[in-house]
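First the proteins, then the strands, lettered A, B, ... as listed; each starts at 1.
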Protein chains: 2
Amino acid sequence: MLTGTNLVYTKKYNLRIVHEVIRVHGPLSRADVARHTQLSVQTVSNLVKELLSLRLVQEGGRRSEGRGAPSTELTINPDGAHAIGLDLDRDHLTGVLVDLAGQVRQRMHMEVETPSPAEVVDLMCGMVETMATRQGLGVGDLAGLGVGVPGPMRRDEQGTGYLVNPKAFPGWHDIPLAGRLRERLDTPVYLENNALAAAVGERWYGAGRQVGTFFYIYVGSGLGGGLIMNGQPYEGFTGNAGEIGYLPTVLSGDASTPATEDAPHVGLHFNMPRLYERLRRGGTEVGTLEELDQLFAKSHPGMLAWMDDAADHLTALVLAIEYVLDPEAICFGGRLSDRILAGLMDRVAQLLPTRRPHGKVSVPRHLVATAGVDAGALGVATLPIYEIFAPAPRLLLKDRRGGAHGGSGLRRSARSL
Amino acid sequence: MLTGTNLVYTKKYNLRIVHEVIRVHGPLSRADVARHTQLSVQTVSNLVKELLSLRLVQEGGRRSEGRGAPSTELTINPDGAHAIGLDLDRDHLTGVLVDLAGQVRQRMHMEVETPSPAEVVDLMCGMVETMATRQGLGVGDLAGLGVGVPGPMRRDEQGTGYLVNPKAFPGWHDIPLAGRLRERLDTPVYLENNALAAAVGERWYGAGRQVGTFFYIYVGSGLGGGLIMNGQPYEGFTGNAGEIGYLPTVLSGDASTPATEDAPHVGLHFNMPRLYERLRRGGTEVGTLEELDQLFAKSHPGMLAWMDDAADHLTALVLAIEYVLDPEAICFGGRLSDRILAGLMDRVAQLLPTRRPHGKVSVPRHLVATAGVDAGALGVATLPIYEIFAPAPRLLLKDRRGGAHGGSGLRRSARSL
DNA sequence: GTAATTATTCCATTCATTGGAATATATCGA
DNA sequence: TCGATATATTCCAATGAATGGAATAATTAC
């Protein structure tokens with residue numbers, strides 16, 4: 001839609017920008033904020049007053065640098081908002097409750113074994129209520145609930161939600177998980193592929209805070225990816241952008257790769273059950289990511305062989321991302337241990353120069369994700385907060401089809417953002 | 001930069017939106033425009049008055065549909081702006097002068113043979129002045145000049161321009177082509193990789209007018225690509241997004257592909273000089289795209305073999321684009337004849353289902369570019385017009401680092417956009 | 001012919017940003 | 001120590017873009 005704008009949207013956007021600039025660069029004085037945003041000091045003063053009354057930012061001590069009146073330090077109020085993120089995968093359900101500063105205030109984890117949709121909904125609602133209560137909050141006080149699932153997913157016909165359709169869950173087919181949770185909990189629910197969610201988390205709280213455009217490579221129980229462009233998550237037309245696991249292993253069709261029922265694609269090389277199976281055939285019995293970390297620490301030959309193969313394919317993917325997207329950075333994260341991730345990144349860094357066509361002048365930086373094994377849960381927890389606070393230029397336009405996530409978001413405050 | 005906005009930007013943006021909505025969906029009445037833009041009719045009335053006085057839109061006849069007062073039809077004034085686009089490649093220099101409606105009003109074409117930078121600047125300035133004069137315009141009346149070159153390029157240190165560094169021109173190295181033309185002609189100059197330029201042209205005048213996000217695959221003297229996201233061209237962090245020709249031919253490193261001094265990459269399979277050489281070794285002497293078209297029409301075996309190989313690689317690239325970007329559409333264009341392009345698209349369409357991992361529900365549409373052999377020149381001609389008229393949300397923000405293209409743009413009118 | 005409907009414009013109002021001025025509080029230099 | 005200077009912040013009035021209400025005009029429906 002080609003919609004116009006007016007000064008109502010201007011105000012909302014400026015409120016968000018002031019909030020964001022304090023969040024990212026804070027602590028800042030009002031004058032600092034004015035310099036960053038190129039707004040006048042009067043405007044900033046007014047907007048800050050509003051953010052203070054909403055308890056989204058707070059005044060700190062006064063600090064004098066050089067001559068002139070000392071400035072009042074403004075920082076984000078961590079308790080300005082809380083959100084819950086749930087990361088669901090074949091083998092686990094992890095939940096975190098985070099505050100506006102990105103601190104994890106509550107955490108829950110449970111092992112599951114390909115549960116049914118009804119079981120999942122029950123487990124999730126239980127987790128949400130338990131964590132909220134422990135934090136002294138009602139579910140209605142939350143900015144919302146983010147739920148991460150392994151992709152791919154698809155939108156429903158009206159475009160008002162997502163249906164889950166994960167290959168990892170055999171019994172699942174077109175389950176409107178977000179809708180069901182929304183009904184039960186009466187709070188906004190954001191369902192997202194966990195790779196993109198992790199990318200949003202990184203953009204909001206992590207290494208991506210200062211980076212406008214980056215690709216996040218997520219290694220969980222398989223291989224996924226998420227894309228942040230100009231600071232905004234990019235979901236793609238059908239909601240499956242970044243699903244690099246499905247890239248064909250060979251660009252020309254005539255080569256030979258592991259035979260499967262499916263067309264040969266990179267994801268097969270990162271499929272954890274396949275890796276466990278491979279190690280088992282080699283005589284090593286493992287079944288969890290922690291055990292893989294132990295194997296790697298002991299330089300287990302089968303594990304190292306997998307690492308080399310994985311790095312080989314990752315290198316090619318990195319090149320594909322470099323040339324298709326030319327991002328500022330590529331971020332590596334997921335549920336692997338930090339040690340394994342570092343090992344993969346080292347190998348990729350060594351392989352890259354040998355595979356890159358000559359003459360490339362500048363290459364994207366490689367970042368390590370900061371969130372560790374809870375990246376997925378942290379990432380999805382960011383979604384509701386992001387929705388309420390992120391200064392997306394889209395918000396300046398009248399076309400507000402969004403809001404399909406239902407609920408009212410953050411009842412007590414910040415309704416005006 | 002996290003900058004704010006104010007009502008000055010609001011107005012500018014709304015002017016552009018009204019213009020754009022008439023351009024894309026017109027002819028429209030003021031009331032229609034209000035419905036599209038969700039602005040009030042009074043606002044639209046005021047903005048239209050301004051666009052009329054700038055001679056950017058024009059009133060047509062009155063049309064009555066059903067009861068009620070008949071509406072006045074508003075259309076874009078084709079003579080509201082003119083721009084020139086120059087497409088430079090190893091073997092030719094093509095220029096077009098287009099109007100605001102996208103009609104080619106003047107065209108010039110000349111064969112060149114890897115000319116020196118100084119020669120190119122002279123030729124270009126001559127072309128610009130000749131075409132402007134023939135159209136009854138001064139160079140200063142133009143919205144600007146777009147120049148397309150084969151990638152890759154790079155920005156200079158201050159980020160205020162681009163340096164050309166094309167592999168196709170042996171003698172060229174870090175030539176600030178845009179700067180030199182700007183000095184000589186005193187008009188805004190937009191230098192761009194011709195693939196992205198063609199994508200912008202398609203977005204503005206062609207099949208991409210109604211499509212928000214698409215990838216443009218450009219086959220010229222090599223293989224390139226351009227990316228339009230949410231209606232905006234995406235250049236990438238270093239300005240080389242979409243350079244799919246540099247993707248490695250094999251994702252794993254151990255396969256065998258045509259041996260070269262460079263790492264094996266897809267572009268080698270689309271390199272026209274290499275194709276000519278290959279055909280020559282097969283006993284067929286050709287050296288132009290027209291001759292290739294003739295060969296294809298006669299079902300020349302060597303040409304068909306190349307088509308099959310090219311389609312094989314294109315298929316893989318299409319898959320990579322599908323999964324990394326998940327665009328709404330993929331557009332095929334460039335300087336190949338329509339017939340060859342259609343042949344490639346047919347082959348790709350046949351191969352795709354066999355290579356795509358199962359379970360993908362919806363796939364991007366494939367579009368044929370509408371611009372034909374002049375796609376490059378038409379595309380770059382769009383750049384100055386696009387810069388002046390496109391409603392980019394970015395324009396709503398105070399951060400206006402852009403404008404590195406110099407000059408004043410459209411002296412007589414539209415300075416307020 | 002009259003009522004209903006739609007397009008467009010005139011006029012007054014609203015409201016966010018902003019420029020100018022005022023105030024407060026610090027450092028710098030003598 | 002004291003005045004000069006610099007900086008942060010707020011108060012007040014002005015600016016200007018969008019908008020709601022009302023008026024006008026032109027057409028169709030009945």
Visitor: Rounded to whole angstrom units, what separation is found between the CD atom of Gln38(A) and the P atom of dG19(C)?
Guide: 13 Å
Visitor: Sugar-phosphate atoms are those with a prime plus P, OP1 and OP2; base atoms are the rest. Using that split, label each nucleotide of nucleotides 21-30 of chain D B, S or - for protein heavy atoms under 4.0 Å, 5' to 3'.
Guide: B---BBBBS-
Visitor: Which one, dT9(D), dT19(D), dT18(C), comes nearest to the side chain of Leu39(A)?
Guide: dT18(C)
Visitor: May I have the distance from Leu15(B) (atom CG) to dG16(D) (atom P), rounded to whole angstrom?
Guide: 15 Å
Visitor: Would Lys11(B) and Glu50(B) pass as an ion pair if we require N to O under 4.0 Å?
Guide: yes
Visitor: Check whether any side-chain N or O of Ser71(A) sits under 4.0 Å from OP1 or OP2 of dA8(D), and answer yes or no.
Guide: no
Visitor: To the nearest Å, give me how far apart NZ (Lys49(A)) and P (dT17(C)) are.
Guide: 13 Å
Visitor: Donor-acceptor pair, distance only, cut-off 3.5 Å: does the side chain of Arg203(A) make one with the backbone of Gln232(A)?
Guide: no
Visitor: When the nearest nucleotide of DNA chain C is assigned to Arg30(B) and to Thr10(A) on a heavy-atom basis, which residue is associated with the more 5' position?
Guide: Arg30(B)
Visitor: Does dT9(D) have OP1 or OP2 sitting under 4.0 Å from an N or O in the side chain of Thr72(A)?
Guide: yes
Visitor: I'd like to know if Glu59(B) pairs up with Arg30(B) as an ion pair, taking the criterion as any Lys NZ or Arg NE/NH1/NH2 lying under 4.0 Å from an Asp or Glu carboxylate oxygen.
Guide: yes
Visitor: Look at the side-chain N and O atoms of Thr43(A) and state whether any lies under 4.0 Å from the OP1 or OP2 oxygen of dT17(C).
Guide: no
Visitor: Just checking Ser29(A): base, sugar-phosphate only, or nothing, at a heavy-atom cut-off of under 4.0 Å?
Guide: sugar-phosphate
Visitor: Under the side chain to side chain contact (heavy atoms under 4.5 Å, CB included) test against Lys398(B), which residue among Ile17(A), Leu39(A), Thr37(A) passes?
Guide: Leu39(A)
Visitor: Which one, dT9(D), dA18(D), dT18(C), comes nearest to the side chain of Asn6(B)?
Guide: dT18(C)
Visitor: Taking the six-membered ring for Trp, are His19(A) and Phe389(A) parallel (under 30°), tilted (30 to 60°) or perpendicular (over 60°)?
Guide: parallel
Visitor: Atom OH of Tyr13(A) and atom P of dA16(C): how far apart are they, to the nearest Å?
Guide: 18 Å
Visitor: Checking Thr10(B) against Thr5(A): is there a side-chain donor and acceptor pair closer than 3.5 Å?
Guide: no
Visitor: Quick one: which of Val33(B), Leu47(B), Leu51(B) gives a side chain to side chain contact (heavy atoms under 4.5 Å, CB included) with Val57(B)?
Guide: Leu51(B)
Visitor: In whole Å, I'd like the distance from the CG atom of Leu396(B) to the P atom of dA17(D).
Guide: 14 Å
Visitor: Rounding to a whole Å, what distance do you find between Asn46(A):CG and dT17(C):C1'?
Guide: 9 Å
Visitor: If you compare every side-chain N and O of Lys398(A) against the phosphate oxygens of dT19(D) (OP1, OP2), does one of them come in below 4.0 Å?
Guide: yes
Visitor: Tell me whether the rings of His25(B) and His36(B) are parallel (<30°), tilted (30 to 60°) or perpendicular (>60°).
Guide: parallel
Visitor: Can you figure out which of dT9(D), dT8(C), dA7(C) approaches the side chain of Ser45(B) most closely?
Guide: dT8(C)
Visitor: Given atom CG of Asn14(B) and atom C1' of dG16(D), what is their separation to the nearest angstrom?
Guide: 13 Å
Visitor: Using only side-chain N and O atoms of Arg35(A), determine if any of them is under 4.0 Å from OP1 or OP2 of dT7(D).
Guide: no
Visitor: Which nucleotide wins on minimum distance to the side chain of Lys11(A), given the candidates dA16(C), dT9(D), dA8(D)?
Guide: dA16(C)
Visitor: In whole angstrom, give the distance that lies between atom CD of Glu59(A) and atom P of dA8(D).
Guide: 15 Å
